Amino acid sequence: MWSAIYRYGLLPFHERIIKRRKTFRYWSELERSQWLSRADLERRQFDSLKRLLEHVAHHCTYYREEWQRMGLRPDRIHGLDDFSRWPLITRDTIRTHRTEMRSAQPGVRMLTKATGGSSGVPLQFDLNMESHERRTAAMYRGYNWAGAAPGTKQLFLWGVALGNRPWQKRLKDRLYNRFQRRLILNSFEFSRERASDFLTRLNRYRPDVIVAYTNPLYEFARFLSEKKLVPYSPKSIIVGAEKIYPFQRQLIERAFQAPVFETYGSREFMLIGAECEKHTGLHLTHENLLVEVLDDAGQPTPVGQEGNVVVTDLTNYGMPFIRYVNGDRVIAGWVECTCGRELPMMRAVTGRQLDLIETPDGRCVAGEFFPHLIKDFAAVERFQVVQEAIDRVEVRLVVRPEWSDADRMILSDELRKVLGPVIHVDVREVSTIPLTAAGKHRVVVRTMSPPTIEHANV
């Protein structure tokens, strides 16, 4: 009953009347549009793209000058094939030209956001208020597929703001989370030593849904399984911020006795894709985003092969993202779901460009190889692969007392089978592996530059 009161009464009143935001209206529109035919969805998406490009050409100095230099005009785009000729942008583009990329249209309310810096360097960017409301609405819809609509009782094992924040902001956060029916457990503080405390708080709170970073929740599930502890079982679990591997999903679902729903997103766009109840892939936020998968030459990646994610935000008129290479890697080719929604579905997220290990013989080893290998070594609590040179890889391990020389030899042999004989592999035990500034665990850290995706030729 409380969930219904929050969802249909208190939260809409807060959004519409007090905050004067249209988030719930946009959410209702998305709940309807997800059942449209693919043809209708494609037509709406292309119309949104045309409107965005016309706006950008008139109001955004950087894009206007760049497109004029290349002889590109929005009125000459008659299909997505024409759009594939337009230039790509990267984080470096935004760092260099952020001011000129903003809209100069009068009266646009702007927000400033920043990424957490998982790649090592944070990024600041801007968006208009309507875009913020529309992306929040998309998150509501995606979370609703997992039974986590606004108003449900949720426990977050998530990153929190760092540093000495003023007491007023801390109080505001506590009141906001209580109003939203959320309990936030700081994933930065999770450890095996504190796992029992986290379990006590989970059992006491009894949430409808757990929302978590993938790796802290997996470590929590490992602890529960090893100690044969039975936690309170929510109706569902949502994981995000980090890729989830099948073996992690299996253990989490077994430990908590609840289905896992994967989400995929970023600070730049919020929810890009999410699983529905069929668990067969990630439905894209097709109404808000145009997602492409390109190879390193900037051309469409063949279906079934791994490529780079390129996103155009159809709602951000404040500082538009037009064909933005976000650094993630996915399997190309959209598939359909038996749930009845014709929103295209992403096959799989494989990692980041930075998660690739290069070899001297010209091969690229995907970062997901390492979790699949090391998961079978029970004495390894955490690991990280570091490549500082083309012919050298260091594997750092946080291990338990039962780790042995025999384990080290077996692991080294298996690594060499895949990485090849010309790479020096150094397996080294360490006491800890630091998280990123965003509180995430990076499987692969490269100080070498990743393969560069090129601008498409005009």
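Quick caveat, the model's predicted, so the values are computed rather than measured.
The shortest distance between side-chain heavy atoms of Q34 and H283 does not fall below 4.5 Å. Side-chain atoms of D313 and P320, non-hydrogen and from C-beta on, never get closer than 4.5 Å to each other. A heavy-atom distance below 4.5 Å is found between the side chains of L155 and L185. Taking 4.5 Å as the limit, some side-chain heavy atom of I94 sits within range of a side-chain heavy atom of M319. Residues V330 and T301 fail the side-chain proximity criterion, which asks for heavy atoms closer than 4.5 Å. Using a 4.5 Å cut-off on side-chain heavy atoms (C-beta onward), R44 and L36 make contact. Within the 4.5 Å cutoff, the side chain of T136 has heavy atoms near those of the M270 side chain. A 4.5 Å side-chain heavy-atom check between R396 and F383 finds every atom pair outside the cut-off.
Of all the heavy atoms in N326 and V311, the pair that sits closest is ND2-CG2, 4.5 Å. Shortest non-hydrogen contact noted between E358 and I423 is O-CD1, 3.9 Å. In this structure, L80 and L290 approach most closely via the heavy-atom pair CD2-CD2, 4.0 Å. Q154 approaches A149 most closely through the heavy-atom pair NE2-O, 3.6 Å. Residues P87 and M70 share a closest heavy-atom pair of CG-SD, 3.7 Å. Shown here for T152 and G147, the closest heavy-atom pair between the two residues is CG2-O, 3.6 Å.
Aromatic ring centroids of Y26 and Y140 lie 6.0 Å or more apart. If you look at F261 and Y143, their ring centroids are not closer than 6.0 Å. Proximity of the aromatic rings of F83 and F46 is defined here by a centroid distance below 6.0 angstrom, and this criterion is not met. Between F125 and F321, the gap from one ring centroid to the other is short of 6.0 Å.
The residue from V309, I272, V310 that alone fulfils the side chain to side chain contact (heavy atoms under 4.5 Å, CB included) condition with D328 is V309.
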Check step by step if side-chain contact (heavy atoms from CB on, under 4.5 Å) holds for E262 and T214. CA-CA 9 Å; E262 182 181 8; T214 300; over 6 Å; no
Check the pair S131 / R134 against side-chain hydrogen bond (donor to acceptor under 3.5 Å, both in side chains), numbers first and verdict last. CA-CA 5 Å; S131 179; R134 287 187 179 277; over 6 Å; no
Which is it for T359 and V422 under the side-chain contact (heavy atoms from CB on, under 4.5 Å) test, yes or no, and what are the steps along the way? CA-CA 8 Å; T359 67; V422 293; 6.0 Å; no
Show your working on side-chain contact (heavy atoms from CB on, under 4.5 Å) between R341 and W35 and close with a plain yes or no. CA-CA 5 Å; R341 300 175 182 89; W35 303 110; 3.6 Å; yes
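Under 4.0 Å is where a charged nitrogen must lie from a carboxylate oxygen, and between E219 and R222 at least one such pair does. In summary, R91 and E268 engage in a salt bridge, as defined by a charged side-chain N under 4.0 Å from a carboxylate O. Between E388 and R392 there is no salt bridge, since none of the side-chain N atoms of the basic residue sits less than 4.0 Å from a carboxylate O of the acidic one. Salt-bridge check for D126 with R98: passed, with a basic side-chain N closer than 4.0 Å to an acidic carboxylate O. Taking a cutoff of 4.0 Å between a charged side-chain nitrogen and a carboxylate oxygen, E100 and R64 do not qualify as a salt bridge. At a threshold of 4.0 Å, the pair R69-E65 does not count as salt-bridged, since none of the basic side-chain nitrogens sits closer than that to a carboxylate oxygen. Ionic pairing of K50 and D47 is not present here: no N-O contact between side-chain nitrogen and carboxylate oxygen is shorter than 4.0 angstrom. Using a 4.0 Å cut-off between a side-chain N of Lys or Arg and a carboxylate O of Asp or Glu, E287 and R32 do not qualify as a salt bridge. Note on E306 versus R329: salt bridge recorded, some NZ/NE/NH1/NH2 to OD/OE distance being below 4.0 Å.
Ring-plane geometry between Y317 and H55 is classed as tilted, the angle between the planes lying from 30 to 60 degrees on a 0 to 90 degree scale. In this pair, W67 and Y63 present their aromatic rings tilted. The plane angle is within the 30 to 60° band.
More than 12 non-hydrogen atoms from other residues, nucleotides or ligands lie less than 6.0 angstrom from NE2 of H279.
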